[in-house]
Amino acid sequence: MALASVTFFALALIAIASAVGVLIARSPIYSALSLVLNLLSVAGLYLTMNASFIGVIQILVYAGAIMVLVLFVIMLLNLDALPSPRSIGWGPILGFVLGIGLLAQLLYVMLTSFGISLEAAEPVTTAMAVENGSANTLGQILFTEYALHLQVAAILLLAATVGAVMLAQRRFA
Amino acid sequence: MDLSGAFTAMWADLPAIFSMLIVGAAGLVVILMEAFQNRDPRIPWLTAGAFGLAMGWEAFQLGTAPDTAFFEQLRTGGYAAYINLLILGAGLFTTLVSPPYLRRLNRNFGEVYALLLFATVGMIMLGTSNTLISVFVGLETMSVCLYIMAGLLREDEGGIESGFKYFVLGAFSTGFLLYGIALMYGTTGTMHLPEMAGAFPDGVPLLFWAGVGLVIVGFGFKVSAAPFHMWTPDVYQGAPTTLTGYMSTASKASAFAALILILFFALPSAQASLVLAVLALITMAVGNVMALRQANVKRMLAYSSIAHAGYMFVALASGTTAGYSGALFYLLVYTVMNLGAFGVLALLEWDGMAGRKQTLSSLAGMGLERPVLGASMAVFMFSLIGFPPFGGFIGKYYIFAPAVSAGLTWLVIIGLLFSAMSGYYYLRVIYVLYMQTAADVAEADRAPEGGFAQPAWLSTAAVALCAVLLLVLGVAFSGVVDVTEMLFIQADAMAQTP
């Protein structure tokens, strides 16, 4: 149990630190590499929670395929590092304060709510978690209960593809 | 779950999503047709046919009892049919007025119609959703299509601003919505809206309210409620005008429908009322005050649509069945008048930049030169103010009356004052269209000689039909109101007998 908590907090800390890194890095390459680290540590979180299928997909699709694309785009567009900010206006400062305020509220709500237990739901055992995280269970749910959503999501992807090609490549003359 | 049983159940549910199937399939066919022949002239007709067919089907479903389909993911029956009719009707109108307009902008591609159809699929899913997953998938499908439509005028800086702003802020607001959905699911353990209300026999935890708050932020963005409205004027101004009309009506109708479903089924407590009332107050104030000083008509209509979202929140704040059914009726009226107003603007557009540079004064005297368009625009403007013989008046009555019975008299008085104020900017449009001529206008504001295209008869007829419909809704409204009230009585009965 102690080991599980230690891994959880270690991975969570890495995830948060790398997410902050994505935001504050001035060079797009460092940003992208921090994002890879973030995605990998989140995949690790999934694996420790026995959601093995999602964990593996997270590494394959996000940390692998999508991040390669992102790095390619950065390379092809030849993006330079942003210049360091000289002065910070009131807008960002106000936004920062409001953001911290929202974060504090949500953290407070989270901390006060740790005691909530779902009476209706039965406690999750390790065996249940392993079964729920498997590709078999996920596939069954995806093609029965959420079959319609799967189809509509397919339409969403098609629309995004068609739109991207149209906006980027269509000859408007 | 038994797989073959599941597939039989899905097969039996197919008729319930008939309009989604037709519209989605038509979108796929349109993409294929465009791939074989560029700018195939049959594409708009096919699109209109799909919308018309789906509308015909939904019209017969209006009286059916509420039920759910696809493992309780979607709602069917009267409520769904009413919302779907609204969305599909907006789609049909947009398809009828768009081809000549897009041809003038050199954007009459099949892809635009395919995106219109796909967006409609998402809206149908959103407006009839029974689970939070359906809300999310439907909302995203709709939004992605709208982002692309907003950025259609790619080489115009207004078009780029419109598409980019909508996309970035939309993605940001989706984050809030998802976080809220996660918290609601985490505290209740269910995605199904009707089960959420009964999840807390002893007191609703704070975490659930945090989730509700974040979900309301997400929806507030989509329906452009202040203070989440910043994107609206810029996006509406830079997008092609007929598509702006579609964005401002169908997407709001389905988002409000989903919000009503969430409020009605998942939160039957009065605690949300004050939040919604404050949201209504801010939204009405921002929309009406900012609309006063707009020189561009599209921008003015964008702020006016913010103001109307505020009126709708007044009805939602009352939290009663009458309030919700009033909001449904107002959605219908709002859709008809806004579609029509944007349609007229599209037909009176001369700058080739989706009306971004066009001031109101440049339209001086057009009311007399294009009598049908001028008269229709006058009807839309009077109806937007809420003038008696038109649908807007009845709509406002059914929104404000339930709020008074719910004890929100202060909000209603403020709402009425703001509607009186809105008379200034709506009537100014009529004044410029009829009482001024091009000679009265400063040189810089004047439209170029022969800048106004001759409107196509079909577009003019569609706009005139909207005006007639508003008159009919203003006189023979009782039938529609009966229907919207019936929908909630049935839903109530269903909620009581699980």
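For the numbers below, each heavy atom of this structure counts, side chains included, while hydrogens, waters and symmetry mates do not. Numbered from 1 within each chain, the chains take letters A, B, ... in sequence-line order.
Atom CE of residue M191(B) and atom OH of residue Y146(A) lie 6.0 Å apart, to the nearest 0.5 angstrom. Residue L158(A) holds its CG atom at 4.5 Å from CZ of F118(B), rounded to the nearest 0.5 Å. Interatomic distance, CD of Q73(B) versus NE2 of H149(A), reported as 4.0 Å (0.5 Å rounding).
At a 4.5 Å heavy-atom cutoff, A114(B) makes no contact with chain A through either its backbone or its side chain. No part of E195(B) comes within reach of chain A, as not one of its non-hydrogen atoms sits under 4.5 angstrom from that chain. Only the side chain of L115(B) comes within contact range of chain A, with heavy atoms under 4.5 Å apart. Contact annotation for F7(B): only side-chain heavy atoms (C-beta onward) come within less than 4.5 Å of a heavy atom of chain A. Interface residue Y179(B): only side-chain heavy atoms are found under 4.5 Å from chain A. Heavy atoms closer than 4.5 Å to chain A are found nowhere in N108(B), neither backbone nor side chain.
Other residues, nucleotides and ligands contribute more than 12 heavy atoms inside 6.0 Å of the CZ atom of F70(B). No more than 12 heavy atoms of other residues, nucleotides or ligands shown are found within 6.0 angstrom of CD on E157(B). More than 12 non-hydrogen atoms from other residues, nucleotides or ligands lie less than 6.0 angstrom from CZ of F18(B).
For the pair L183(B) and M110(A), the minimum side-chain heavy-atom distance is below 4.5 Å. In this structure, the side chains of L206(B) and Y108(A) come closer than 4.5 Å at one or more pairs of heavy atoms. Two residues are said to be in side-chain contact when any heavy atoms from C-beta on lie closer than 4.5 Å; V137(B) and L148(A) fail this criterion. Looking at heavy atoms from C-beta onward, V121(B) lies out of side-chain contact with L156(A) at the 4.5 angstrom threshold.
Counting heavy-atom pairs under 4.5 Å between each of M149(B), E140(B), M142(B), E111(B) and chain A puts E111(B) at the top. Across I133(B), L28(B), I17(B), the residue that shares the most heavy-atom pairs under 4.5 angstrom with chain A is I133(B).
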| field | Derivation of the side chain to side chain contact (heavy atoms under 4.5 Å, CB included) call for V144(B) and L157(A) | value | CA-CA 9 Å; V144(B) 164; L157(A) 290 180; over 6 Å; no
| task | Check step by step if side chain to side chain contact (heavy atoms under 4.5 Å, CB included) holds for V162(A) and I148(B). | result | CA-CA 9 Å; V162(A) 167; I148(B) 301 163; over 6 Å; no
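Smallest separation of non-hydrogen atoms from A210(B) and V109(A): CB-CG1, 3.9 Å. The minimum heavy-atom distance linking R154(B) with A168(A) is given by the pair NH1-O, 3.2 Å.
Proximity to chain B among residues 89-107 of chain A is limited to L102(A), L106(A), judged by heavy-atom separations below 4.5 angstrom.
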